[in-house]
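First comes the structure, then the notes that go with it.
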Amino acid sequence: MADSRIPDLTRSAAMSPLLYFALPSLATYITISIFFLRRPRLLHTPRSPAFRGRLTAHRGGSGEMLESTMAAIENSVAQKADLLELDCHLTRDGVVVVSHDKNLKRQSGLNKDISSLDFQDLPLYKKKLEIYFSPGRFACGSDRHMIRLEDVFQRFPQLPAIVEIKEKNEELIQKVAGLAKRFHRSQITIWASEKSSIMKKCKAANPDMPISFTTNRAIWMVLLYHLGLLPFVSFPEQFFFCFLPTIVNRTYFPFSCARLNKLYAVVTKWLIMRKSLIRHLEARGIQVIFWCLNEESDFEAASGLGATGIITDFPTALRRYLDNHKPANQQPWV
């Protein structure tokens, strides 16, 4: 009778050489990956940023004044904001307007797209607007006028700004690129978009403007980190604008289902909230800025992760936090 153990012994003998070579190779790969993850400057020359975005005013500072108004921006400047976050759209007569929404219904009550009106015919903002990342709270102000991006650049020529492009509008992209050149601020005006196809056009229109990670590029970058390949890949992006997973289901609701939001928060927290990831990007000159944080507990979470800074609706609150928390050994927040 044949020995039933022979196939098992043969299989074990065949696997031994595989394990003999695979395990040491895997261990070597992990060791090298961790080594360069902690020492990225051995493979990459870090960029020298023109500024550091510690305090970024969301929609110009939409928690303390009406969003995207000159009054909101002036208030943020008074709080020593390092960076503005702005969204832009194009009017019928070709004016680049600072506005988060394409349609004016939420902001003014007029159910028309900005693109269907000339700049001089744009309505006033409502007297008060709900703060998107602070549900149930409202901002108000006497300044209710919509403004041109040109107005912002002319008034604050040295103030860095993120300009988010939400739609593939070639004329809009070209005009934003042209305004950055005209006011000699290409180095401090950041292209931002969720879509890679739009970012490609933005970069072509003005390659001197720094770019941020799009959604697809951010997913790719995080995947490379978890695979151990991040230290060996170069990136043209200089900014990583990322939501803080702990605000999901509290001030940020990406899905209508609470359970789905909870699952999303757990998964993204595990994927993104990694000090080693953030420190690696920072060491390569890629600024990591979390949005949109309006509570001190969230400021603490971002600070604890070693982020460069925060995008907030409440620049006064963040300024107070930054002034009261100046850790000596945490470079990004110094």
Side-chain angles (χ1 to χ4, degrees), residues 26 30 33-34 37 53 56 58-59 62-63 67 85 87 100-102 106 130-138 162 164-167 192-199 212-231 233 235 237 239-282 286-314 317-318 321 332:
L26 180 61
I30 292 173
S33 178
I34 293 174
L37 184 73
T56 303
H58 182 241
R59 302 184 193 178
S62 62
E67 64 184 57
E85 188 275 339
D87 309 273
H100 178 270
D101 297 0
K102 176 182 179 180
R106 177 189 67 87
E130 186 172 21
I131 304 161
Y132 184 83
F133 287 98
S134 291
R137 300 174 67 180
F138 294 82
I162 306 164
E164 182 171 359
I165 308 297
K166 296 182 178 296
E167 54 186 343
S193 181
E194 293 183 354
K195 299 179 180 179
S196 297
S197 59
I198 295 177
M199 184 61 74
S212 58
F213 281 88
T214 62
T215 300
N216 287 342
R217 291 281 294 170
I219 292 172
W220 174 240
M221 181 267 292
V222 172
L223 178 62
L224 289 174
Y225 165 76
H226 286 281
L227 291 175
L229 295 170
L230 182 60
V233 180
F235 292 97
E237 292 87 355
F239 293 87
F240 179 35
F241 302 122
C242 181
F243 74 94
L244 191 71
T246 54
I247 71 172
V248 175
N249 235 12
R250 186 159 50 83
T251 62
Y252 176 46
F253 306 89
F255 305 104
S256 58
C257 175
R259 290 185 179 179
L260 188 57
N261 282 330
K262 186 175 181 179
L263 176 63
Y264 184 64
V266 171
V267 172
T268 53
K269 181 179 179 179
W270 182 84
L271 288 172
I272 300 171
M273 294 181 69
R274 303 293 185 112
K275 286 185 180 181
S276 58
L277 169 62
I278 294 170
R279 288 171 179 168
H280 177 84
L281 295 175
E282 282 283 342
I286 299 172
Q287 298 191 44
V288 181
I289 301 178
F290 284 106
W291 57 262
C292 179
L293 312 185
N294 293 333
E295 305 293 339
E296 185 165 325
S297 60
D298 297 321
F299 300 163
E300 289 279 0
S303 176
L305 287 168
T308 310
I310 288 168
I311 297 175
T312 184
D313 291 309
F314 296 93
L318 181 53
Y321 175 84

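Nothing here was measured: the structure is a model prediction, and the numbers come from that model.
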*For Lys102 and Lys166, what are the C-alpha separation, side-chain angles and deciding distance, and is it a side-chain contact (heavy atoms from CB on, under 4.5 Å)?*
CA-CA 9 Å; Lys102 176 182 179 180; Lys166 296 182 178 296; over 6 Å; no
*Kindly indicate, with the supporting measurements, whether the criterion side-chain contact (heavy atoms from CB on, under 4.5 Å) is fulfilled by His58 and Asn294.*
CA-CA 10 Å; His58 182 241; Asn294 293 333; over 6 Å; no
*Which is it for Tyr132 and Arg106 under the side-chain contact (heavy atoms from CB on, under 4.5 Å) test, yes or no, and what are the steps along the way?*
CA-CA 11 Å; Tyr132 184 83; Arg106 177 189 67 87; over 6 Å; no
_If you apply the rule side-chain contact (heavy atoms from CB on, under 4.5 Å), what do you find for Tyr321 with Ile310, and how did you get there?_
CA-CA 11 Å; Tyr321 175 84; Ile310 288 168; 5.7 Å; no
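Remark: Leu318 CG to Glu296 CD distance equals 10.0 Å, nearest 0.5 Å. We find the CD-CG distance between Glu67 and Asp87 to be 8.5 Å, quoted to the nearest 0.5 Å. Taking CZ of Arg274 as the reference point, atom CG of Leu37 lies at 11.0 Å (rounded to 0.5 Å). Annotation: the span from Arg250 atom CZ to Leu244 atom CG amounts to 8.0 Å, rounded to 0.5 Å. Separation of atoms CZ (Arg59) and CZ (Phe133) is listed at 7.0 Å; rounding is to 0.5 Å.
Put simply, the side chain of Asn249 gets close to the backbone of Ala258: a donor and an acceptor are under 3.5 Å apart. The backbone N or O of Leu293 sits less than 3.5 Å from a side-chain atom of Thr312, completing a donor-acceptor pair. When atom types are taken as modelled, the side chain of Glu164 and the backbone of Ser193 share no donor-acceptor pair closer than 3.5 angstrom.
In plain terms, the two heavy atoms of Ile278 and Gly306 that are nearest each other are CG2-O, 3.6 Å. In terms of heavy atoms, Cys242 sits closest to Ile272 at SG-CG2, 3.6 Å. Smallest separation of non-hydrogen atoms from Ser33 and Pro231: O-CG, 3.6 Å. Considering every non-hydrogen atom in both Leu271 and Leu277, the closest pair reads O-CD2, 4.5 Å. Of all non-hydrogen atoms in Leu305 and Met273, the two that sit nearest each other are CD1-CE, 3.7 Å. In terms of heavy atoms, Ser196 sits closest to Arg217 at OG-CG, 4.0 Å.
Of the residues listed (Tyr264, Phe290, Phe253), the one engaging Phe243 in a ring pair (Phe, Tyr, Trp, His ring centres under 6.0 Å) is Tyr264, and it is the only one. Under the side-chain contact (heavy atoms from CB on, under 4.5 Å) rule, Met221 has a single partner from Leu230, Ile286, Val233, which is Leu230. Among Phe241, Phe239, Tyr252, the single residue meeting the ring pair (Phe, Tyr, Trp, His ring centres under 6.0 Å) criterion with Trp291 is Tyr252.
Between Asp313 and Arg137 there is no salt bridge, since none of the side-chain N atoms of the basic residue sits less than 4.0 Å from a carboxylate O of the acidic one.
Crowding of Glu194 atom CD: a count of heavy atoms from other residues, nucleotides or ligands under 6.0 Å not exceeding 12.
Residues Pro254 and Asn261 meet the side-chain proximity criterion, which asks for heavy atoms closer than 4.5 Å.
Between Phe235 and Phe240, the ring center distance fails the sub-6.0 Å criterion.
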